[in-house]
Amino acid sequence: MRIGEAAAAAGMTPRALRYYEQQGLVTARRAPSGHRVYDAEDIRRLRAVRELRDAGLTVGDVRAFAHLLPTMPPGGVPDLAPRGGDPERCSAVETVARRRLADLDARIERLSRLRARLAARLGEPGTGTPEPAAPGAPAGPAEPAAVTRAGADSGPLFRLDTLPAPAPAPAPARPPAPAQSPTPTPAPTSPRRPALRA
């Protein structure tokens with residue numbers, strides 16, 4: 001089948017299918033005309049990739065055990081924790097999945113702290129100091145000013161309390177007082193003498 005039909009059968013767009021092919025998760029064959037063609041095994045593999053992505057794994061995670069995709073059962077992706085079956089596949093998939101789960105937990109914790117700080121600065125009620133981590137939760141390292149997240153959607157997270165404070169605005173300059181000409185002092189006048197009458 002052609003790429004459009006294969007993408008529809010796998011529940012994705014042709015663009016996503018091409019991307020997974022570039023990442024080495026599926027390999028298309030070429031028809032004599034040069035068009036990509038896919039078979040039922042490719043569709044099964046693409047569905048497994050889609051399910052793993054929907055479960056929260058990144059393309060890099062899936063690529064780490066792409067060689068095990070053919071061993072996954074045809075009915076879909078099983079639970080990622082080992083429950084019998086091929087021990088190599090279960091161990092490799094579970095290791096990657098648990099690493100991604102720990103990464104997601106750390107990101108959620110960082111985002112919760114950032115949200116609490118921002119809400120407190122906005123004066124939202126009940127948003128004083130962020131609540132401490134749950135008992136038994138692993139204590140994470142101190143955050144630097146920018147924390148880089150793992151995963152395909154990585155980007156820096158900035159702590160609000162480490163950003164430089166804005167410089168105080170300079171006081172507005174007072175315009176100079178207009179120059180006033182000195183008030184002329186009136187010339188002294190001599191008292192009037194009463195007129196003498198004859």
Side-chain angles (χ1 to χ4, degrees), residues 1 3-29 36-118 130 133-134 136-160 162:
M1 63 184 78
I3 188 168
E5 299 167 317
M12 61 183 65
T13 63
R15 182 176 179 180
L17 196 158
R18 281 191 209 95
Y19 175 68
Y20 292 145
E21 189 176 344
Q22 289 170 356
Q23 297 301 311
L25 299 178
V26 69
T27 304
R29 286 157 298 287
R36 292 179 172 92
V37 291
Y38 303 87
D39 60 17
E41 175 57 26
D42 295 323
I43 302 306
R44 188 190 72 76
R45 190 179 176 104
L46 287 165
R47 285 180 180 157
V49 170
R50 193 196 71 226
E51 285 186 46
L52 290 165
R53 294 277 290 126
D54 289 346
L57 297 179
T58 66
V59 171
D61 293 335
V62 178
R63 201 170 48 228
F65 54 81
H67 63 289
L68 299 173
L69 288 175
T71 68
M72 294 202 171
V77 175
D79 290 340
L80 300 180
R83 286 194 180 93
D86 181 3
E88 180 199 357
R89 179 184 64 76
C90 293
S91 174
V93 174
E94 185 188 17
T95 300
V96 172
R98 289 202 181 279
R99 188 179 63 224
R100 179 58 48 205
L101 189 61
D103 175 69
L104 289 170
D105 286 341
R107 288 166 58 186
I108 289 168
E109 185 183 343
R110 283 194 300 264
L111 288 171
S112 296
R113 286 198 306 264
L114 286 171
R115 189 203 180 282
R117 288 191 192 110
L118 182 57
E143 288 182 85
V147 179
T148 302
R149 299 179 294 171
D153 56 348
S154 298
L157 294 175
F158 292 96
R159 288 181 50 159
L160 293 175
T162 59

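Computed from heavy atoms alone, side chains included, the values below leave out hydrogens, waters and symmetry copies. Along the sequence shown, residues are numbered consecutively beginning with 1. Model, not experiment: these values are computed from the prediction.
- Here Leu57 contributes atom CG and Phe65 contributes atom CZ; the two are 5.5 Å apart, rounded to the nearest 0.5 Å.
- Listed by first and then second residue, the salt bridge (Lys or Arg N to Asp or Glu O under 4.0 Å) pairs that reach into residues 56-68 are Asp61-Arg99, Asp61-Arg100, sequence neighbours excluded.
- The main-chain N or O of Leu25 is found under 3.5 Å from a side-chain atom of Arg45 such that the two form a donor-acceptor pair.
- The closest side-chain heavy-atom distance from Met12 to Tyr19 is not below 4.5 Å.
- Across all their heavy atoms, Pro14 and Gly4 have their closest contact at CG-CA, 4.3 Å.
- Partners of Ala6 by side chain to side chain contact (heavy atoms under 4.5 Å, CB included), not counting sequence neighbours, listed by chain and number: Met1, Leu17, Tyr38, Ile43.
- Taking CZ of Arg98 as the reference point, atom CG of Asp103 lies at 15.0 Å (rounded to 0.5 Å).
- More than 12 heavy atoms of other residues, nucleotides or ligands shown are found within 6.0 angstrom of CZ on Arg29.
- At least one side-chain heavy atom of Arg110 sits less than 4.5 Å from a side-chain heavy atom of Arg113.
- Glu41 CD to Leu69 CG: the interatomic distance, rounded to the nearest 0.5 Å, is 9.5 Å.
- In this structure, Asp42 CG and Asp39 CG are separated by 4.0 Å, a value rounded to the nearest 0.5 Å.
- With respect to Glu21 and Arg18, no salt bridge is recorded, no charged nitrogen being found less than 4.0 Å from a carboxylate O.
- Contact record, Ala9 with Arg47: O-NH2, 2.8 Å, taken as the closest heavy-atom pair.
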